[in-house]
**Student:** 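Just passing along the structure, written as structure tokens.
So that the names make sense, note that chain A is the first sequence line, chain B the second, and so on, each numbered from 1.
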Amino acid sequence: MRSSIASTTLQRPRYRTQDSFFRGRGLLTLLLGVALIWSLTSVNWTGSIVHPGGLSAIGEFFKAAFTPELSGSFLGLTLGSAWTTVAYAVAGICLAVLLGFPLGVLASGVLAKSAGRRVAQVAGFRIVLGFLRAIHELVWAWLFVVALGLSPMAAILALAIPYGGILGRIYADILNDVPQEPLRALRSSGASEWKVLLYGRLPMALPDMLSYSFYRFECAIRAAAIMGFVGIGGLGMQIQLSLGDLFYNEVWTLLYALIGLVLLVDVWSTWLRRSLTQ
Amino acid sequence: MLVLDRVGKSYQGNLALAPLSLEVEQGERVAVLGPSGSGKTTLLHLIGGVVQPDQGTIALEGNLLANMSSGRELASLVGIMHQQLDLVPHLAVVHNILAGRLGHWSLWRSLASLVSAREKHLAQSALERVGIPEKLNERTSHLSGGEQQRVAMARLLVQQSKVVLADEPIASLDPARAEDLMQLLTTIVSESNKTLLASLHSIDLTRKFFSRAIGLRNGELQFDLPVDKLTNEVLYRLYNLTETQV
Ligand SMILES: Nc1ncnc2c1ncn2[C@@H]1O[C@H](COP(=O)(O)OP(=O)(O)O)[C@@H](O)[C@H]1O
Ligand SMILES: [Mg+2]
């Protein structure tokens, strides 16, 4: 028994051994606690949160939830804009995967030839990924609308860039965190790091990468819908138009369509993940 | 064939293996005995190039391990079966076996093989050799521990290294299966006149399947004997037992 413990520790980082307050979680917890208290005190609590007329408007809005607009023509419009939103989200997430995958592999440093190069490579590509996701998709959308006009490409790129950054970051972590023993065995049979990636890291990482990508696809649908607010079309644009006209029944029809889409993706991804991991 | 010259290893100042010299001829079957923590895994990992020695040199067929430029060259000389199962659970058995070919294959061939298995006949016959031919296309995670052990052996078979290292290959098996597996392992290595070093805890199986035994205790070499010289007295001393405890 003892020997098997010894051999598994072989792969563990060494710095965990002296777990003092400052190295461990104690300091972090304290810092987060202080940050929380500070942020609570800096909110202005004295003004009323809702202005008086707003309360009745909110009541109206929620009453409309029970009577969504179900006329044939509006359902057709809803379906059409749902389709547009899904199309943006699919194109955006596909592009994000294409962008995030190579960046993630590079940022994981698993292909680096030496320890020195690994550090430089990991740092460099993590900065790139950080830059991509530091800017929110709505800001990208606004930028691309300015540059490209109200074209679908603006919506797709606005999604693909920050989502590529997020996916790349997560892919890198997942690729680093796979069990090390199978990788060691592959190296023992003469595999280069590229082959270790193909035969060890990727097969072991794929289920997690896939399920995270699907989770991001859900987020992309919401984001694509919201992006409609800058005028690019889809559910968001219709929601904004109906809201502007105070047609709350229509808003709810559109919201239900959005909820349905997200649930659908959820079911699909659960099913796909199960068939992958069995 | 295999020459260790004063090879030693410590982990963070803790001695795992005191400087040790050893010569093993081709075709020898050497059992590595010793209590847990005595340095068996460390010794096999050093020979397999999994960890680097702090001191001393290891030579395989006259080539210094430290001078070998590629994992590929090392893999053609020595293959290792680790103490824990180390297959990729998500891959089909066939790919886990063919992973033993990665040192022989180009990157493109390796990639193509994941789509449509290359040299499948090698995998098939290796799997037949270890007695589970019907599992070729099964997902590896669906196999029992004993079956996975056999797949790991099949992988070692297709790697075709000259030295085979096995770290407690039978530790997790019941006695009947343990003997079967040991039988299989020793048959396979002696058929192609490979050299075998295996750590194990069974004296009976050592006597039955090995030609030579070395004993480690606290990282020190205690004995290095042909198995017919392996007396109970030597073993009691190795495991620090009194006669009544056996
Ligand atoms: N990676 C490691 N880090 C620290 N100590 C280790 C490591 N591997 C082995 N050791 C220590 O070296 C000694 C020998 O271990 P090992 O070779 O695994 O023994 P065995 O395989 O005979 O049980 C033990 O004291 C063990 O704790
Ligand atoms: Mg061991």
**Student:** Determine whether more than 12 heavy atoms belonging to other residues, nucleotides or ligands lie under 6.0 Å from atom NZ of B/K194.
**Tutor:** yes
**Student:** Assess whether side-chain contact (heavy atoms from CB on, under 4.5 Å) is satisfied between B/H82 and A/S188, documenting all intermediate values.
**Tutor:** CA-CA 10 Å; B/H82 290 281; A/S188 293; 4.0 Å; yes
**Student:** If you draw a 6.0 Å radius around CZ in A/R118, do more than 12 non-hydrogen atoms from other residues or ligands fall strictly inside?
**Tutor:** yes
**Student:** Using heavy-atom distances under 4.5 Å, tell me whether B/S113 contacts chain A through its side chain, its backbone, both, or neither.
**Tutor:** both
**Student:** Quick one: closest heavy-atom pair of B/G100 and A/S189, and the distance?
**Tutor:** CA-CB, 3.9 Å
**Student:** With a 4.5 angstrom heavy-atom cut-off, could you sort out which part of B/T140 is near chain A: side chain, backbone, both or neither?
**Tutor:** neither
**Student:** Is it the backbone or the side chain of B/P89 that comes under 4.5 Å from a heavy atom of chain A, or both, or neither?
**Tutor:** side chain
**Student:** Side chain, backbone, both or neither: which part of A/L186 has an atom under 4.5 Å from a heavy atom of chain B?
**Tutor:** side chain
**Student:** Out of curiosity, B/I80 CD1 to A/R187 CZ, how far, rounded to the nearest 0.5 Å?
**Tutor:** 13.5 Å
**Student:** Heavy atoms, side chains only, cut-off 4.5 Å: are A/E181 and B/Q83 in contact?
**Tutor:** no
**Student:** So do the side chains of B/L107 and A/K195 get within less than 4.5 Å of each other, counting heavy atoms only?
**Tutor:** yes
**Student:** Measure distances from B/V158 to the heavy atoms of chain A and classify the residue's part below 4.5 Å as side chain, backbone, both or neither.
**Tutor:** neither
**Student:** Counting only non-hydrogen atoms closer than 4.5 Å, does B/R155 touch chain A with its backbone (N, CA, C, O), its side chain (CB onward), both, or neither?
**Tutor:** side chain
**Student:** Check A/G200 against B/V88 and note the closest heavy-atom contact, atom names and distance.
**Tutor:** CA-CG2, 4.0 Å
**Student:** In terms of heavy-atom contacts, does OH of A/Y256 have more than 12 from other residues, nucleotides or ligands at under 6.0 Å?
**Tutor:** yes
**Student:** Step by step, would you call A/Y199 with B/L114 a side-chain contact (heavy atoms from CB on, under 4.5 Å)?
**Tutor:** CA-CA 8 Å; A/Y199 275 75; B/L114 280 176; 3.7 Å; yes
